[in-house]
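Working notes for the structure below.
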Protein chains: 2
Amino acid sequence: MPKPISSQVKTHTESEENYIKALYHLGGEKAVNNGALAHRIGAKGPSVTQAVKRLANKNLVEAIPYKGVKLTEKGTALATHILRKHRLWETFLVEKLGFGWEEVHDIAEQLEHVQSPEMVEKLAKYLGSPIHDPHGDPIPQPNGAIPPILGKPLQQFATSDTLRVVRVEDAGTDFFTQLQVLNITLGSEFTLASISSFDSSIQLRGADGTLFWLSHSMSSNIYVISL
Amino acid sequence: MPKPISSQVKTHTESEENYIKALYHLGGEKAVNNGALAHRIGAKGPSVTQAVKRLANKNLVEAIPYKGVKLTEKGTALATHILRKHRLWETFLVEKLGFGWEEVHDIAEQLEHVQSPEMVEKLAKYLGSPIHDPHGDPIPQPNGAIPPILGKPLQQFATSDTLRVVRVEDAGTDFFTQLQVLNITLGSEFTLASISSFDSSIQLRGADGTLFWLSHSMSSNIYVISL
DNA sequence: AGATTGGTTTAGGCAAAACTAAACTTTTAA
DNA sequence: TTAAAAGTTTAGTTTTGCCTAAACCAATCT
Ligand SMILES: [Mn+2]
Ligand SMILES: [Mn+2]
Ligand SMILES: [Mn+2]
Ligand SMILES: [Mn+2]
């Protein structure tokens, strides 16, 4: 009475997909150098050189030794599809399961590797075909099109501007934790109180009058519109 | 402007988890021999011997060479937790995304390996804390308890009994396809028309009077209650 | 230009997870 | 109670994906 086994047709490994996603984030169209990719992936140089060779063999990237790596069209299509999954799952986790926006990234990092095109489209429909995720990031469409990228970095605004947060970068758990500490969320409104000419840090005044400083590395990941 | 990387703390590999799940299905408490495990996993003997050594090193199984492998308490706990995830995801895919019950197993095979205890419990709550999945299989509870196992195999009933399908075994895509062809689903009601004494195949009469035969390998995976 | 430095690639290892072929137990049959 | 058959383990390879150390290229500074 032994039972048959299932047929998981995984076309790409998780590692492969992570490299493709990292390349998309770092480069888009442009070539990315070994070091940047290594830092993003969290691996050492030689591991990356090797991984890039595997990706090149599958026509997902084009690489020129000592110069850089670039996604092919096939690679870009894969990248946007993974990103679509990541952001749909984040939306599901926040909207349906009730997670906080700061909790969902790491779980979506796993869910984005589940391979089932039918499920992705059923999930999208179930969520109401959203075009932005809980962090305000655009959700790539099935054809690869990218919806509008909301807002501009805080740096690009001037003192006394009234601002609304419309997007934050997926920049890891520590960043989100810090956002939560500062009570900053999508839709939060602030007045730009001052900008340090020394280290580009930014002082904001909240709706309740509270004043606080944001380091450059924090504010560069926060995108706002002027009201 | 390189971004930090995420911290996926995968405590078990996918392969490991598949072995644990297979052992649970084949043996439960009892020891399982190499060949049965190999057949279930879809690997050859030596791969299994090797894998079992890795599992034994992590105290997930106890193995006696040439005799068999058995799950430890830790291994059993892991198995039921994976099974819980599998069946909750199947329920989600059918109840929320609108998949057919024959389509969800392979996708759940992937989703069951996503590691986030918080998500599992939020998912369970979101689904209304179900105790049986779309195939009628019991969904293990957070403490490892197994809800009632519904029904008995068709073989155990007699001619002219009136029966209702309450469960089918997860027995692969081909089996589900065949169920669909025969228009058998959870809740379907039949009368047992006859049993072949030659090959144990069973003839059923549907509500509409249709008569059809089920091979032993089909009917042994279909569980019913007598009305 | 020549030398130093930083980034990249090559060389050589290691662990997981699969395989085949060969050796070795255990079971079954003569 | 041996001998054959069946099942399991060992030995040796392969691929993926990571590592360190050493060699190598390219940019920069004197
Ligand atoms: Mn994210
Ligand atoms: Mn996001
Ligand atoms: Mn299943
Ligand atoms: Mn099921």
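Chain A is the first sequence line, chain B the second, and so forth, proteins listed ahead of strands; every chain is numbered from 1.
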Distance in angstrom units between [X] [atom1] and [N] [atom2], rounded:
| X | N | atom1 | atom2 | value |
| --- | --- | --- | --- | --- |
| A:Leu60 | D:dT16 | CG | P | 13 Å |
| A:Leu55 | D:dT15 | CG | C1' | 15 Å |
| B:Leu37 | C:dA17 | CG | P | 14 Å |
| B:His113 | C:dA17 | NE2 | C1' | 15 Å |
| B:Glu14 | D:dT16 | CD | P | 17 Å |
| A:His39 | C:dG6 | NE2 | C1' | 16 Å |
| A:His12 | D:dT16 | NE2 | P | 13 Å |
| A:Lys53 | D:dC18 | NZ | C1' | 15 Å |

[N], OP1 or OP2 - any side-chain N/O from [X] closer than 4.0 Å?
| X | N | value |
| --- | --- | --- |
| A:Arg54 | D:dG17 | yes |
| B:Thr13 | C:dA17 | yes |
| A:Asn33 | C:dG7 | no |
| B:Lys44 | C:dA18 | no |
| B:Ser15 | C:dA16 | no |
| B:Ser47 | C:dA18 | no |

Given the structure, check if the side chain of B:Gln50 and the base of C:dA16 hold any donor-acceptor pair shorter than 3.5 Å.
no
Are B:His86 and B:His105 near enough that their ring centres are under 6.0 Å apart?
yes
With sequence neighbours excluded, residues passing side chain to side chain donor-acceptor pair (under 3.5 Å) with B:Glu121:
B:Arg84
So, [X] and [Y]: side-chain donor and acceptor under 3.5 Å apart, yes or no?
| X | Y | answer |
| --- | --- | --- |
| A:Gln115 | A:Thr11 | yes |
| A:Ser196 | A:Asp199 | yes |
| B:Thr13 | B:Ser15 | no |

Given the options B:Val94, B:Thr91, B:Asp133, B:Val104 meets side-chain contact (heavy atoms from CB on, under 4.5 Å) only with B:Val94
Please work out if B:Gly45 contacts a base, only the sugar-phosphate, or nothing of the nucleic acid, heavy-atom cut-off 4.0 Å.
base
Using a heavy-atom cut-off of 4.0 Å across all strands, would you classify A:Ala51 as base, sugar-phosphate, or nothing?
nothing
Below 3.5 Å is the cut-off: list the nitrogen or oxygen pairs between protein and nucleotides 22-28 of chain D, distance only.
{"from": "D:dA27", "atom 1": "OP1", "to": "A:Lys67", "atom 2": "NZ", "distance (Å)": "3.4"}

Look at B:Lys10 together with B:Glu17 and state whether they make a salt bridge at an N to O cut-off of under 4.0 Å.
no
Which residue lies more 5' along DNA chain D, comparing B:Gly68 with A:Tyr19 via nearest heavy atoms
B:Gly68
Parallel, tilted or perpendicular: which describes the rings of A:Phe92 and A:Tyr126, with under 30° parallel and over 60° perpendicular?
tilted
Nearest nucleotide by nearest heavy atom, which residue falls closer to the 5' end of DNA chain C, A:Val48 or B:Lys58?
A:Val48
